[in-house]
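I have placed the structure first, in the form of structure tokens, so that the comments after it can refer back to it.
We use all heavy atoms of the structure for the numbers below, so side chains are in, but hydrogens, waters and symmetry mates are not.
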Amino acid sequence: MGELVNPSPPPRVLTLIAQELTPEAFLPYGQVVRPVADNANYGPDDAQLDLSRGVPRFYIMRLEGRSLKFGSITHHANVTQCLGAVSGACWYLGVARASVVSDEAAVKGLEEIGTTDNAGLPSSEVDEKVQKKLTKSRAGHCYVPPSPDDVTVFRIDGPQFVKLHRGTWHAGPLFTVPMMDFYNLELSNTQPADETTHSFKSINGVTFEIHDHL
């Protein structure tokens with residue numbers, strides 16, 4: 001008989017209470033963009049976009065069967081992605097601050113630790129986090145993996161959309177109805193070439209469930 005292997009324990013389920021979306025609360029992760037008058041001039045309240053690293057792609061993304069639970073989170077290092085519901089109906093987005101490391105800081109950290117693969121230092125906190133491991137994305141850049149404690153969830157509805165800073169971690173869009181359509185502005189190669197995912201379920205042993213008190 002083969003050796004018995006103890007099964008892995010099920011992941012812990014962490015509850016996240018959805019926050020109201022405001023420009024101030026969302027600022028660490030991106031921008032909230034709302035309607036303005038037709039004759040309004042361009043200004044800081046408009047989406048501050050960076051589409052310089054490829055061909056922009058603006059399309060309507062149809063999603064089905066997205067419950068208010070998630071076990072992984074994704075970032076795009078090369079674009080300021082924009083997302084908004086076509087119908088203006090309620091949806092949810094889990095986010096964590098961007099943690100992409102600049103090439104120069106990554107090289108410095110990797111050389112200090114003495115390896116060029118999967119270890120290093122975060123960009124602006126080299127001295128404080130010498131022991132923190134960097135991960136190299138399949139897209140080629142380095143990043144600090146997010147912690148479960150870093151994740152926040154926002155409730156989004158009405159005539160508004162969000163612009164994510166480059167590298168902002170996000171889970172969603174998530175919603176309670178069977179299907180929703182979303183405006184999505186990214187790059188033509190974002191999905192095949194610039195999608196880095198961290199699995200909280202397999203790496204941290206946790207998943208998330210969103211609760212909304214409204």
Quick check: closest heavy atoms across [X] and [Y], and the distance to 0.1 Å?
X: Arg155; Y: Ala18; result: NH2-O, 3.8 Å
X: Gly167; Y: Val100; result: CA-CG2, 4.0 Å
X: Thr135; Y: Pro145; result: OG1-CG, 3.4 Å
X: Val95; Y: Ile73; result: C-CD1, 4.3 Å
X: Gly71; Y: Thr207; result: CA-CG2, 4.1 Å
X: Ala77; Y: Asp194; result: N-OD1, 3.0 Å

Please write out which residues are connected to Val33 in a hydrophobic cluster, directly or through intermediates, given that two of Ile, Leu, Val, Met, Phe, Trp, Tyr count as joined at side-chain heavy-atom separations below 4.5 angstrom.
Phe161
Test item: side-chain donor near acceptor, [X] and [Y], under 3.5 Å:
X: His75; Y: His141; value: yes
X: Thr74; Y: Trp169; value: no
X: Gln81; Y: His170; value: yes

If you look only at distance, which donor and acceptor atoms sit under 3.5 Å apart when one is on a side chain in residues 45-60 and the other is two or more places apart or in another chain?
residue: Asp46; atom: OD2; partner: Gly43; partner atom: N; Å: 2.7
residue: Gln48; atom: OE1; partner: Tyr42; partner atom: OH; Å: 3.0
residue: Gln48; atom: NE2; partner: Tyr42; partner atom: OH; Å: 3.2
residue: Gln48; atom: NE2; partner: Gly43; partner atom: O; Å: 3.2
residue: Gln48; atom: NE2; partner: Asp46; partner atom: O; Å: 2.7
residue: Asp50; atom: OD1; partner: Ser52; partner atom: N; Å: 3.1
residue: Asp50; atom: OD1; partner: Ser52; partner atom: OG; Å: 2.7
residue: Asp50; atom: OD2; partner: Arg166; partner atom: NE; Å: 3.4
residue: Arg53; atom: NH1; partner: Asn78; partner atom: OD1; Å: 3.3
residue: Tyr59; atom: OH; partner: Asn184; partner atom: ND2; Å: 2.9
residue: Tyr59; atom: OH; partner: Glu186; partner atom: OE2; Å: 3.1
residue: Tyr59; atom: OH; partner: Gln191; partner atom: NE2; Å: 2.8

With the side chain counted from C-beta on, respond yes when Ser137 and Tyr143 share a heavy-atom pair under 4.5 Å apart, and no when they do not.
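Answer yes - side chains close enough.
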So do Pro11 and Val206 actually touch side chain to side chain, heavy atoms under 4.5 Å?
no
With sequence neighbours excluded, tell me which residues meet salt bridge (Lys or Arg N to Asp or Glu O under 4.0 Å) with Lys201.
none
Any chain of hydrophobic side-chain contacts (each under 4.5 Å) joining [X] to [Y]?
X: Val177; Y: Met61; value: yes
X: Phe200; Y: Leu68; value: yes
X: Leu63; Y: Ile156; value: yes
X: Val32; Y: Leu83; value: yes
X: Tyr29; Y: Leu185; value: no

Side chain to side chain contact (heavy atoms under 4.5 Å, CB included) for His198 and Ser72? Distances and angles first, verdict last.
CA-CA 6 Å; His198 174 84; Ser72 62; over 6 Å; no
Determine whether Phe175 and Cys90 satisfy the following criterion, side chain to side chain contact (heavy atoms under 4.5 Å, CB included), listing intermediate values before the conclusion.
CA-CA 7 Å; Phe175 43 85; Cys90 180; over 6 Å; no
Could you grab the distance from atom CG of Asp212 to atom OG1 of Thr176, nearest 0.5 Å is fine?
9.5 Å
Pairing residues for [X] by the side-chain contact (heavy atoms from CB on, under 4.5 Å) criterion, not counting sequence neighbours:
X: Asp150; result: Ala96, Pro146, Ser147
X: Ala98; result: Thr168
X: Glu209; result: Val13, Lys69, His211

Does the pair Val162 and Leu93 meet the rule for a side chain to side chain contact (heavy atoms under 4.5 Å, CB included), with working shown?
CA-CA 10 Å; Val162 295; Leu93 188 69; 4.2 Å; yes
Answer with yes or no after comparing the ring centroid distance for Phe26 and Phe154 against a 6.0 Å cut-off, counting only values under it.
yes
Give the intermediate values and the outcome of side chain to side chain contact (heavy atoms under 4.5 Å, CB included) for residues Asp157 and Trp91.
CA-CA 6 Å; Asp157 57 12; Trp91 59 287; 5.9 Å; no
